[in-house]
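Here's the structure, in structure tokens; my notes come after.
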Amino acid sequence: MRPLVVVDDKVAYIKKALADSGYHVQDLSQGWDNASAIVVSGMDENFLGRHDIVARAPVIEATGRDLEQILADVNRIVGLQR
């Protein structure tokens with residue numbers, strides 16, 4: 001089974017690159033319970049709209065970073081979890 005990467009709609013441009021790299025990709029609004037990694041647009045805002053939620057998957061901040069940097073982080077993190 002391909003690892004699941006959940007992506008915030010604000011950084012949707014990364015979805016195709018992740019899918020092309022072999023990941024199963026879904027929107028953050030669809031949930032994150034089984035995610036291997038979560039890619040968000042910014043950690044300075046409450047990306048889930050709540051204060052009482054804890055994500056088990058590592059969260060990768062995408063703002064100000066290029067596609068290659070984000071993919072490298074996902075590959076490194078997901079590779080450690082396999």
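Throughout, numbering of the chain's residues begins at 1 and tracks the sequence. Since we're looking at a predicted model, the values are computed, not measured.
Ala35 approaches Ala57 most closely through the heavy-atom pair O-CB, 3.3 Å. Listed here is the closest heavy atom pair of Val6 and Trp32: CG2-CA, 3.9 Å. Taking every heavy atom of both residues into account, Pro58 and Ile77 meet most closely at CG-CG2, 3.3 Å. The minimum heavy-atom distance linking Leu71 with Ala17 is given by the pair CD1-CB, 4.0 Å.
Here CD1 of Ile14 is found 9.0 Å from CZ of Arg65. Values are rounded to the nearest 0.5 Å. The CG atom of Asp8 sits 10.0 Å away from atom CD of Glu61, with the distance rounded to the nearest 0.5 Å. The CG atom of Leu18 sits 7.5 Å away from atom CG of Leu67, with the distance rounded to the nearest 0.5 Å. In this structure, CZ on Arg2 lies 11.0 Å from OG on Ser21, to the nearest 0.5 angstrom. For the atom pair CD1 (Ile38) and CZ (Arg56), the distance works out to 11.5 Å, reported to the nearest 0.5 Å.
Tyr13 places a side-chain heavy atom less than 4.5 Å from the side chain of Ile70.
For Asp20, the side chain to side chain donor-acceptor pair (under 3.5 Å) test picks out Lys16, with sequence neighbours left out. Applying the side chain to side chain contact (heavy atoms under 4.5 Å, CB included) test to Asp33 and every residue at least two apart in sequence or in another chain returns nothing. Shown here are the side chain to side chain contact (heavy atoms under 4.5 Å, CB included) partners of Gln30, two or more places apart in sequence or in another chain: Gln26, Asp27. The salt bridge (charged side-chain N to carboxylate O under 4.0 Å, His left out) test applied to Asp9 returns Lys15, not counting sequence neighbours.
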How far apart are the C-alpha atoms of Val11 and Val40, what are their side-chain angles, what is the distance that settles it, and do they pass the side-chain contact (heavy atoms from CB on, under 4.5 Å) test?
CA-CA 7 Å; Val11 289; Val40 297; over 6 Å; no

